[in-house]
Structure formats: C-alpha cells, structure tokens
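A short worksheet on the structure shown next.
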Amino acid sequence: MKIVTRMLEDEVYEATNAAGHAVQMDMRSADKKQAQSPTELLLSSIAGCGAVDIVLILKKRKKTITDFVIETTGTRRDETPRRFTDIHCKYIITSPDVEEEELNKVAALSLEKYCSVAASISSNITFSVEVRKP
C-alpha cells in the first residue's frame with residue numbers, strides 16, 4: 001500500500017492513494033481550518049475500521065442495524081510528541097435485536113483482533129529521506 005502526500009500550503013496537505021482517492025489534512029488554527037488534522041484522521045480511522053468489523057460480524061449473526069454512530073475521543077500528552085495516551089470509542093447502535101452485551105463483545109473483538117488501524121498504532125515506523133534540487 002502506498003500513499004503520496006503533497007504540501008498544498010504550509011499547514012495543508014493532500015494524501016492520495018494508488019486509486020487516486022484523496023483526503024486533505026489541515027493543521028491551521030480553528031478559524032481557518034477546512035479539513036481534519038492528521039491526529040483527527042487517526043481517530044476517524046480507528047472509528048471507521050472498528051465499525052466495519054462490527055457491522056460485518058453483526059450482519060453475519062443476522063442482526064438488523066438501523067443506525068450506527070461512533071463517538072471517538074482521544075487524550076493527548078501536553079509534551080512533544082503529543083501522542084495519544086488514551087483513545088475511547090463509544091459505539092451507539094440502533095437495532096431491534098442487538099443486545100448491549102453482544103455489542104460489547106463484538107466491539108472488543110474488533111479492536112483487539114481485527115482492526116488494522118488500532119493494531120498499527122504500536123507498529124515499528126521507519127523512514128528514509130531524499131532531497132531533490134530544482
């Protein structure tokens with residue numbers, strides 16, 4: 001998998017995947033911001049990744065889902081690097097046949113076993129550099 005990220009402005013970037021799908025990242029102040037920041041996108045990614053697994057598992061169990069909302073909050077350190085110290089996903093499902101205990105078990109299974117994003121947070125990250133002269 002490869003993502004190419006390009007600077008649009010000093011604090012605005014666009015990341016594009018191999019299929020050409022793009023997302024903007026915006027680190028400007030709140031009054032100028034027009035997109036999510038990288039850390040906000042990380043929380044969004046965890047929510048989306050977990051949600052897909054949860055829905056797939058529940059549908060395999062023949063459950064009906066009429067609405068599904070995930071409220072994801074993150075607490076960050078004050079010091080640099082301002083990494084997340086805690087992330088909480090609150091799964092709110094509307095369903096006539098899903099029980100809270102079942103959703104709790106499925107959510108734990110998703111985040112602990114299937115969610116690639118949650119598992120990747122502890123990955124080994126390496127880097128290389130290249131300088132191009134105009």
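Both V23 and M7 sit in one connected hydrophobic cluster of ILVMFWY residues. Membership requires side-chain heavy atoms under 4.5 Å apart, directly or through other members. Residues M27 and F84 fall into different hydrophobic clusters, defined by Ile, Leu, Val, Met, Phe, Trp and Tyr side chains chained together at heavy-atom separations under 4.5 Å. Clustering ILVMFWY residues whenever any of their side-chain heavy atoms sit less than 4.5 angstrom apart, transitively, puts L111 in a cluster other than the one holding L41.
Residues T75 and D86 bring no donor and acceptor atom of their side chains to less than 3.5 Å of each other. No side-chain donor from either of E14 and T5 sits under 3.5 Å from a side-chain acceptor of the other.
Counting heavy atoms from C-beta on, the side chains of C89 and I46 come closer than 4.5 Å. Taking the side chain as every heavy atom from C-beta outward, E99 and K63 never approach each other to under 4.5 Å. Considering only heavy atoms from C-beta on, V106 stays 4.5 Å or farther from Y91 through its side chain. Side-chain contact check for F68 versus I92: every heavy-atom pair is 4.5 Å or farther apart.
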### Message
For M25 and V12: C-alpha separation, side-chain torsions, deciding distance, then whether side-chain contact (heavy atoms from CB on, under 4.5 Å) applies.
### Response
CA-CA 6 Å; M25 295 173 278; V12 180; over 6 Å; no
### Task
Before giving the answer on side-chain contact (heavy atoms from CB on, under 4.5 Å), spell out for I121 and I87 the whole-Å C-alpha distance, their side-chain angles and the decisive distance to 0.1 Å.
CA-CA 11 Å; I121 291 175; I87 296 172; 4.1 Å; yes
### Worked verdict on D53 versus C115 for side-chain contact (heavy atoms from CB on, under 4.5 Å)
CA-CA 7 Å; D53 294 330; C115 179; 4.1 Å; yes
### Message
Does H88 form a side-chain contact (heavy atoms from CB on, under 4.5 Å) with E71? I'd like the steps, not just the answer.
### Response
CA-CA 8 Å; H88 180 77; E71 295 176 0; over 6 Å; no
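Put simply, the side chain of S110 gets close to the backbone of G50: a donor and an acceptor are under 3.5 Å apart. R82 places a side-chain N or O within donor-acceptor distance of the main-chain N or O of R77, the cut-off being under 3.5 Å.
In E100, the CD atom is not crowded: 12 or fewer heavy atoms of neighbouring residues, nucleotides or ligands sit closer than 6.0 Å. Under a cut-off of 6.0 angstrom, the local environment of NZ in K33 is crowded, with over 12 non-hydrogen atoms contributed by other residues, nucleotides or ligands. Heavy atoms from other residues, nucleotides or ligands lying under 6.0 Å from CG of D67 number more than 12.
Here the CD-CD distance, from Q24 to Q36, works out to 12.0 Å after rounding to the nearest 0.5 Å. One distance of note links NZ of K105 with CG of L109; it measures 11.0 Å at 0.5 Å rounding. I57 CD1 to K113 NZ: the interatomic distance, rounded to the nearest 0.5 Å, is 9.0 Å. Separation of atoms CD (E102) and CD1 (I93) is listed at 8.5 Å; rounding is to 0.5 Å. The structure places CD1 of I54 at 10.0 Å from SG of C49, a figure rounded to the nearest 0.5 Å. Taking CG from L43 and CZ from R76, the interatomic distance works out to 9.0 Å, rounded to the nearest 0.5 Å.
In terms of heavy-atom proximity, A35 sits nearest to D26 at O-CB, 3.5 Å.
A salt bridge does not link E11 to K32: none of the charged nitrogens lies less than 4.0 Å from a carboxylate oxygen.
The side chain to side chain contact (heavy atoms under 4.5 Å, CB included) test with T64 is passed by exactly one of D97, T94, V98: D97.
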